**Student:** 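This structure is in structure tokens; I'll ask about it shortly.
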Amino acid sequence: MLGPVILAASRSDKMRRFISAAPGTKQVVDRFIAGETVDQVVPIIEDAAAKGLEVTLDVVGEDITTPEQAADARDAYLELVERLKALGLGTKAEMSVKLSMFGQALDGGHELALANVRPVVEAAAAIGTTVTLDAEDHTTLDSMFAIHEELRKDYPQTGCVIQAYLFRTEEDARRLAAAGSRVRIVKGAYKEPASVAYQDKAEIDKAYVRILRILMEGEGYPMIGSHDPRLIAIAQELGRKAGRKLDEYEFQMLYGIRSDEHLRLAAEGHRMRVYTAYGTDWYGYFMRRLAEKPANLLFFGRSILTKG
């Protein structure tokens with residue numbers, strides 16, 4: 001049960017300082033974070049496209065405390081759009097955004113986040129690509145879904161994320177599985193109380209399959225966020241039973257995890273998108289990756305003890 005402990009540490013300034021200073025940290029961070037700047041990420045996007053993969057790009061950073069920082073986050077994504085335009089990759093490279101970066105938690109945060117994210121969605125649409133709104137902790141979701149609904153009025157291709165471990169998600173999935181929608185399903189990577197979320201892995205997996213069935217049988221476009229071989233196989237079977245062609249849904253996996261599986265699924269004709277995070281404020285994202293899988297933590301533990 002180390003996951004909840006790690007997620008708690010993701011909010012600790014003391015742990016942030018300790019982890020950042022540890023000798024093996026950079027080696028492990030580099031596994032999950034593609035770089036710190038757009039320039040460092042561009043070759044990764046081009047390499048993925050050459051291999052038949054697609055990407056979704058996340059400029060990491062969540063601890064926004066001022067409107068100015070939220071505006072900086074908006075501008076970082078607008079800079080990314082300009083670079084994607086120059087690359088001419090279209091839907092090969094979309095973007096994922098966390099509304100917390102756009103000021104959602106500040107006073108008047110709902111309106112501020114909508115105002116900041118709208119020009120990013122508009123700019124993305126202008127170059128033929130899309131934006132997906134990432135899900136964060138359960139207290140933010142009503143705002144996220146409302147912003148998603150508002151953006152889809154003008155940009156119906158805007159996607160969103162749902163999390164299988166939350167009790168509410170089956171109902172959300174039924175509402176979202178409509179024609180033209182784009183919905184990524186993930187297990188969930190935030191510390192949530194038992195009053196709102198399943199705590200047992202087996203129960204989370206069962207919920208994931210139930211929700212995945214709703215999406216596959218719906219009229220939208222499911223995006224399966226998982227590295228679990230069993231869930232991937234179930235998704236393929238549900239897709240076949242629903243009569244979906246291979247380009248009528250996609251798989252998504254994290255940069256640096258199961259890279260061989262990325263290539264295998266693409267070779268089979270599936271759309272395979274790699275969630276690629278970059279930026280300097282990597283700590284919260286990095287800690288959730290450790291919490292998701294014990295193997296990640298073991299890898300980090302070995303590396304952090306290395307003295308050079």
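None of these values were measured; they are calculated from a predicted model.
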**Student:** Could you check if a side-chain atom of L141 sits within less than 4.5 angstrom of a side-chain atom of L166, using non-hydrogen atoms only?
**Tutor:**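 Touching, per the 4.5 Å side-chain cut-off.
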**Student:** Count I, L, V, M, F, W, Y as connected when their side-chain heavy atoms are under 4.5 Å apart, and connections chain through other members. Are V183 and V186 then in the same cluster?
**Tutor:**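 Each belongs to a different hydrophobic cluster.
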**Student:** Starting at CZ of R152, measure out to OG1 of T158 and round the result to the nearest 0.5 Å.
**Tutor:**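 One finds 7.5 Å between CZ of R152 and OG1 of T158.
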**Student:** Is there side-chain contact between I257 and F32, with at least one heavy-atom pair below 4.5 Å?
**Tutor:**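 SC-SC contact between I257 and F32 confirmed.
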**Student:** If we ignore hydrogens and angles and just use 3.5 Å, is the side chain of T169 paired with the main-chain N or O of I162 as donor and acceptor?
**Tutor:**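 Absent.
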**Student:** Report the C-alpha distance between F145 and L176 in whole Å, list the side-chain angles of each, state the deciding distance to 0.1 Å, and finish with yes or no for side-chain contact (heavy atoms from CB on, under 4.5 Å).
**Tutor:** CA-CA 10 Å; F145 285 130; L176 291 165; 3.8 Å; yes
**Student:** Roughly how far apart are L106 CG and T65 OG1, rounded to 0.5 Å?
**Tutor:**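 L106 atom CG to T65 atom OG1 measures 7.5 Å (nearest 0.5 Å).
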**Student:** Is there a side-chain contact between P229 and E261 (heavy atoms, below 4.5 Å)?
**Tutor:**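 Sidechains of E261 and P229: no contact.
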**Student:** Judged by atom type as modelled, is there a donor-acceptor pair below 3.5 Å linking the side chain of N116 to the main-chain atoms of R74?
**Tutor:**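 The answer is no, because no donor-acceptor pair under 3.5 Å joins these two groups.
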**Student:** Side chains of V41 and L80: does their closest heavy-atom pair fall under 4.5 Å?
**Tutor:**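 SC-SC contact between V41 and L80 ruled out.
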**Student:** Would you call H262 and F251 a side-chain contact if the rule is heavy atoms closer than 4.5 Å?
**Tutor:**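 No. Closest side-chain heavy atoms not under 4.5 Å.
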**Student:** Flag the pair K187 and D205 as a salt bridge only when some basic side-chain nitrogen lies within less than 4.0 angstrom of an acidic carboxylate oxygen.
**Tutor:**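 So K187 pairs with D205 through a salt bridge.
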**Student:** Give a yes or no on whether L231 and M272 share a hydrophobic cluster (residues Ile, Leu, Val, Met, Phe, Trp, Tyr; joining criterion: side-chain heavy atoms under 4.5 Å apart).
**Tutor:**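 Both belong to a single hydrophobic cluster.
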**Student:** Just by distance, do the side chain of R184 and the backbone of M223 share a donor-acceptor pair under 3.5 Å?
**Tutor:**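 Checked: no pair found.
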**Student:** Roughly how far, to the nearest 0.5 Å, is the OH atom of Y165 from the CG atom of D200?
**Tutor:**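 It comes to 15.0 Å.
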**Student:** Give, for atom CD1 of I64 and atom CE of M101, the distance between the pair rounded to the nearest 0.5 Å.
**Tutor:**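 These two atoms lie 5.5 Å from each other.
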**Student:** Tell me, do E268 and Q236 make a side-chain contact under 4.5 Å, heavy atoms counted?
**Tutor:**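 Yes, their side chains come closer than 4.5 Å.
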**Student:** Evaluate whether atom CD of E46 has more than 12 neighbouring non-hydrogen atoms of other residues, nucleotides or ligands under 6.0 angstrom away.
**Tutor:**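 Yes, enclosed.
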**Student:** Quick one: do E171 and R175 make a salt bridge, cutoff under 4.0 Å?
**Tutor:**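 Salt bridge: no.
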**Student:** Testing the 3.5 Å rule here: is there a donor-acceptor pair between the side chains of T139 and D137?
**Tutor:**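 Present: a donor and an acceptor within the cut-off.
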**Student:** Heavy atoms only: give me the nearest G239-M216 pair and the separation to one decimal.
**Tutor:**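 Residues G239 and M216, closest heavy atoms: CA-SD, 3.9 Å.
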**Student:** Counting only N and O atoms by type, is there a donor-acceptor contact under 3.5 Å from the side chain of T129 to the main-chain atoms of I127?
**Tutor:**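 Here the side-chain-to-backbone pair does not exist.
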**Student:** If we ignore hydrogens and angles and just use 3.5 Å, is the side chain of Q40 paired with the main-chain N or O of G279 as donor and acceptor?
**Tutor:**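 Not confirmed, Q40 side chain does not pair with G279 backbone.
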**Student:** Taking D134 first and then K98, would you say they form a salt bridge - that is, a charged N and a carboxylate O separated by under 4.0 Å?
**Tutor:**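 Judged by the 4.0 Å cut-off on N to carboxylate O distance, D134 and K98 do form a salt bridge.
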**Student:** Tell me which one of L78, D75, L151 satisfies side-chain contact (heavy atoms from CB on, under 4.5 Å) with V120.
**Tutor:**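 That would be L78.
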**Student:** Answer yes if the side chains of Q252 and T56 hold a donor-acceptor pair under 3.5 Å, and no otherwise.
**Tutor:**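 Judged by distance alone, the side chains do not pair up.
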**Student:** Quick one: are I224 and I232 in side-chain contact, heavy atoms under 4.5 Å?
**Tutor:**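 Side-chain contact under 4.5 Å: no.
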**Student:** If you measure from OG on S226 to CG on L254, what distance do you get to the nearest 0.5 Å?
**Tutor:**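 Spacing of OG (S226) from CG (L254) equals 10.0 Å.
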**Student:** Between the side chains of E237 and R240, is the shortest nitrogen-to-carboxylate-oxygen separation below 4.0 Å, so that they form an ion pair?
**Tutor:**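 So R240 pairs with E237 through a salt bridge.
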**Student:** Pairing donors with acceptors under 3.5 angstrom, does anything connect the side chains of H138 and Q163?
**Tutor:**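 Judged by distance alone, the side chains do not pair up.
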**Student:** Is the closest side-chain heavy-atom distance between R271 and E54 below 4.5 Å?
**Tutor:**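 Yes, at least one pair of side-chain atoms sits under 4.5 Å.
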**Student:** Are V121 and V161 grouped together when hydrophobic residues (ILVMFWY) are joined by side-chain heavy atoms under 4.5 angstrom apart?
**Tutor:**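 They do not share one cluster, since no chain of ILVMFWY contacts under 4.5 Å joins V121 to V161.
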**Student:** Report yes or no: do Y77 and V38 belong to one cluster of Ile/Leu/Val/Met/Phe/Trp/Tyr joined by side chain heavy-atom distances under 4.5 Å?
**Tutor:**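 Cluster IDs for Y77 and V38 match.
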**Student:** As an exercise, state the distance from CD1 of I234 to CZ of R213, rounded to the nearest 0.5 Å.
**Tutor:**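 Rounded to the nearest 0.5 Å, the CD1-CZ separation comes to 8.5 Å.
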**Student:** For T132, does its backbone N or O pair with a side-chain atom of H148 as donor and acceptor, under 3.5 Å?
**Tutor:**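 Side chain of H148 to backbone of T132: no pair is present.
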**Student:** How far apart are the C-alpha atoms of R168 and D142, what are their side-chain angles, what is the distance that settles it, and do they pass the salt bridge (Lys or Arg N to Asp or Glu O under 4.0 Å) test?
**Tutor:** CA-CA 11 Å; R168 65 173 288 170; D142 286 340; 3.0 Å; yes
**Student:** Parallel, tilted or perpendicular: which describes the rings of Y198 and F167, with under 30° parallel and over 60° perpendicular?
**Tutor:**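 Because their plane-to-plane angle is over 60°, the rings of Y198 and F167 count as perpendicular.
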**Student:** Under 4.0 Å between a Lys/Arg side-chain N and an Asp/Glu carboxylate O for K206 and E203?
**Tutor:**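 Looking at E203 together with K206, the answer is yes, because their closest N to O distance falls below 4.0 Å.
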**Student:** Keeping the roles fixed (side chain from E170, backbone from R210), state whether a donor-acceptor pair exists under 3.5 Å.
**Tutor:**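 No; zero donor-acceptor contacts below 3.5 Å.
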**Student:** Should V274 and I44 be marked as a side-chain contact (heavy atoms from CB on, under 4.5 Å) after you check the CA-CA gap, both sets of side-chain angles, and the distance that decides it?
**Tutor:** CA-CA 10 Å; V274 184; I44 292 171; over 6 Å; no
